[in-house]
Trainee: 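This is the structure I want to talk about, given as C-alpha cells.
This is a predicted model, so every value here is computed, not measured.
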Amino acid sequence: MKTILNRTEYETFELIRPAKRENNPKRSYLLVNPIQAKHIPAPPRKTYALMEQLGRMLVERYRGERCAVIGFAETATAISGVVAECFDPDTLYLHTTREPVSNMKNLVSFEEEHSHATEQKLYCCDGGGPLREAERIIFVEDEITTGKTILNFIDALRGNGCVSEGTGFAVASLVNSMDGERLERYRSLGIDLNYLLRIEGDFENLAFDESELPSGKGTPAEEAAVPAVTLLGGRLDPRTGVRAGEYRAASAQFARESAALLAEGGDPSGRILVLGAEEFMYPAVLAALAVSERFPDCEVRVHATTRSPIVPHNNPNYPIRNRAMLESFYEAGRTTYVYNLGPYDRALVVCDGLDSRSRGPEELVRELAPLLARR
C-alpha cells in the first residue's frame, strides 16, 4: 500500500486496515477505518474531529454555493451528518438507505455493486424539489475505490429528473484509492474529488488466506455480569431530507438525553459503550460525545451494528477480532453483525426504529452480558 497524500494527523495504518469480506465474490476485501466508529469501537472525540476536518475542507472549497449533502448508507451516515453540519444551517442533508420508508416515494434506486446488500434507495421530501434547488450536490462516502457506485447514482438522479440541468457534483471521502484511469474519468466528467487520505494498493491480496480465517466468532468473550442496556429511539429522519441545522439541534438534544439517562441511579464509571443500529450512526457519535463530556473520567467508545459480514481472526494485526450475529432491529429475519465487543461497565444502544417481531435487542443483551464488568 502506497500513501499518495495524507491531510490527517494520523499515519496511514491508523486509518486503513484491510479485512476479509465473507462470501462476496465481487470484492473480497473491506477497508476498515479504526477511527470511523463503524466496525471498530472508537473514541468519539477522534471520530468527530476526523469527520469535521473533511467537512471544514468542503465548506472552504464550496463557499458561496448552495449545496446539498448526500451520504451513503450505511457506513457514511455519520460522516455525512458531520459534514452537513459544517455547512449553512439551511443546507439540505439526506442519506441513502436500504430500508423502506412509509408514505414516501422512492425517487431513485441504484446498485452498489460490490456491497453485500446492493440496492440503495433515495427518498426526499416534497418530491425531490429541495434537491433540484441545489447548485451542487456533494456525495459523502467513507472510502472510494472505483467510483462506480456514485456514477450509477448520478445517472439515476439525472434519468429521473431529480437534479437540474446545471447542477454540479462533488465527491468527498475520508479515503480515496481510485487508480489513475478512474481519476481521469471523473476529471473528464467535471466531478470534483475531495479526500483526506489518498492511497494506492492491491487489497485483493491480503495477508490471510480464506482457509486460514475461521467463520463465526474470533476471540471468545470472558464470562462476567448482567448488562445495563438501554434502548433509545431517534427523531428527525435524514432518509427523507432534513435541514442540517435542525438535524444537528435535534441530534444534540437526543445526545444530552442519552447522557442523562446513563446518570440515572448514579453516575457511571469505567468503560462505556455507545452502540448505534446500522444506519443510525450520527446520533450515536453525538451521544458518545455527550457521554464523554458529562463523565470525563470514563473511557467511552462508539461504533455500530452493520449488515456487512466480515470474517474475524485472532491475529493481532487483523482489525476484526470477534463478531456477534444478531437479528436486525429493523427487520425480523435479517442478520446484522457487531464486531470487536469487549469488556464494558455500561452499554447504551441507540436506534431510530424497531420491528416488534425482532429478537435483535434480546440477542444483543445476551452478547453483552458476559462482557460487562460488575458494577
Trainee: Can you tell me how far apart OG (Ser292) and CZ (Arg45) are? Round to the nearest 0.5 Å.
Mentor: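 If I round to the nearest 0.5 Å, the distance is 4.0 Å.
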Trainee: Determine whether Phe72 and Phe153 satisfy the following criterion, ring pair (Phe, Tyr, Trp, His ring centres under 6.0 Å), listing intermediate values before the conclusion.
Mentor: CA-CA 10 Å; Phe72 281 84; Phe153 193 7; 5.5 Å; yes
Trainee: Does Arg56 form a side chain to side chain donor-acceptor pair (under 3.5 Å) with Gln53? I'd like the steps, not just the answer.
Mentor: CA-CA 5 Å; Arg56 296 300 180 195; Gln53 181 183 351; over 6 Å; no
Trainee: Keeping the roles fixed (side chain from Thr91, backbone from Phe87), state whether a donor-acceptor pair exists under 3.5 Å.
Mentor: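 Judged by distance alone, no pair lies under 3.5 Å.
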Trainee: Exactly one of Glu74, Glu278, Glu279, Gln120 should register a side chain to side chain donor-acceptor pair (under 3.5 Å) with Thr97. Which one does?
Mentor: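 Among Glu74, Glu278, Glu279, Gln120, the one that satisfies the side chain to side chain donor-acceptor pair (under 3.5 Å) with Thr97 is Glu279.
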Trainee: Search all heavy atoms of Ala263 against all heavy atoms of Phe295 and return the closest pair with its distance.
Mentor: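 Where Ala263 meets Phe295 most closely, the heavy atoms are CB-CZ, 3.8 Å.
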Trainee: Can you check whether Leu273 reaches Leu341 side chain to side chain, under 4.5 Å on heavy atoms?
Mentor: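 A side-chain contact exists here, since the closest heavy-atom pair is under 4.5 Å.
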Trainee: Taking the side chain as every heavy atom from C-beta outward, state whether Leu364 and Val349 have any pair of such atoms under 4.5 Å apart.
Mentor: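 Yes - at least one pair of side-chain heavy atoms lies under 4.5 Å apart.
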Trainee: Quick check: does any side chain N or O of Lys38 sit under 3.5 Å from a backbone N or O of Thr305, one acting as donor and the other as acceptor?
Mentor: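 Yes; judged by distance alone, with no hydrogens or angles, the pair exists.
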Trainee: For Asp90, what residues pass the salt bridge (charged side-chain N to carboxylate O under 4.0 Å, His left out) criterion, not counting sequence neighbours?
Mentor: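 With neighbours one apart ignored, the set is empty.
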Trainee: Checking Glu135 side chain against Arg66 main chain: does a donor-acceptor pair fall under 3.5 Å?
Mentor: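 Judged by distance alone, yes, a pair lies under 3.5 Å.
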Trainee: Measure across Pro268 and Arg346 and return the closest heavy-atom pair with its distance rounded to 0.1 Å.
Mentor: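 Result for this residue pair: CB-CG, 4.0 Å.
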Trainee: Test of understanding: with salt bridge (charged side-chain N to carboxylate O under 4.0 Å, His left out), list the residues that count as partners of Arg185, not counting sequence neighbours.
Mentor: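 Here no residue qualifies.
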Trainee: Counting C-beta onward and ignoring hydrogens, is there a side-chain heavy-atom pair between Leu189 and Leu151 closer than 4.5 Å?
Mentor: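 Leu189 reaches Leu151 side chain to side chain.
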Trainee: Does the pair Tyr247 and Tyr282 meet the rule for a ring pair (Phe, Tyr, Trp, His ring centres under 6.0 Å), with working shown?
Mentor: CA-CA 10 Å; Tyr247 186 51; Tyr282 173 74; 5.1 Å; yes
